[in-house]
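First up is the structure itself, then whatever we jot down about it.
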Amino acid sequence: MKLLIITSISEFEKEIKQMLVKANVKYFSYKEVIGYHNTSDEAIGDNWFATEMNENESMLFYAFVPSENVEMVFNAINEFNGKQETLSKIHVATVNIENSN
């Protein structure tokens, strides 16, 4: 069993739900969150918003997933990200679950 964690901009919510369903993830949770990007290292002229602090409407998905389903989710997200022309991508990570009840 693994804990699957996915973050993205809100615009990708529908696509992530479809990917989870196709990967046979039967139960998952999600929440709207505020994503933060500190651009203080970037020149103001290169920054679209002309500010050092950028906040974006984002999504956080999480689910306890059987190990055999994780690869399907990663493959779907990699395929999706590979087709994106925007800078924003879907981010995914897993955490091993040693014990659960």
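Note that the structure is a prediction, hence the values are computed from the model and not measured. All values below were derived from every heavy atom in this structure, side-chain atoms included, with hydrogens, water molecules and symmetry-related copies excluded.
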Heavy atoms, side chains only, cut-off 4.5 Å: are Leu4 and Leu20 in contact?
yes
Any side-chain heavy-atom pair from Gln84 and Phe12 closer than 4.5 angstrom?
yes
Please name the pair of heavy atoms, one in [X] and one in [Y], separated by the smallest distance, quoted to 0.1 Å.
X	Y	value
Ile9	Ser88	CG2-OG, 3.2 Å
Ser58	Ser10	N-OG, 3.4 Å
Ala63	Phe28	CB-CB, 3.7 Å
Met1	Ser67	N-OG, 3.7 Å
Ala23	Val73	CB-CG2, 3.5 Å
Lys89	Asn81	NZ-O, 3.2 Å

Nearest-0.5 Å distance, [atom1] of residue [X] to [atom2] of residue [Y]:
X	Y	atom1	atom2	value
Leu60	Ile34	CG	CD1	12.5 Å
Ile90	Met19	CD1	CE	3.5 Å
Phe61	Ile16	CZ	CD1	4.5 Å
Lys26	Asn69	NZ	CG	8.5 Å
Lys2	Asn96	NZ	CG	3.5 Å

Is it the case that over 12 heavy atoms from other parts of the model lie below 6.0 angstrom from the CD atom of Glu57?
no
Would the number of heavy atoms belonging to other residues, nucleotides or ligands and lying under 6.0 Å from CD of Glu32 be above 12?
no
Show, in sequence, the C-alpha distance, side-chain angles and deciding distance for Tyr62 and Ile6, and conclude whether the side chain to side chain contact (heavy atoms under 4.5 Å, CB included) test is met.
CA-CA 6 Å; Tyr62 49 97; Ile6 302 171; over 6 Å; no
Which is it for Lys31 and Met59 under the side chain to side chain contact (heavy atoms under 4.5 Å, CB included) test, yes or no, and what are the steps along the way?
CA-CA 6 Å; Lys31 180 167 181 53; Met59 301 297 299; over 6 Å; no
Ile5 with Tyr30, same ILVMFWY side-chain cluster at under 4.5 Å
no
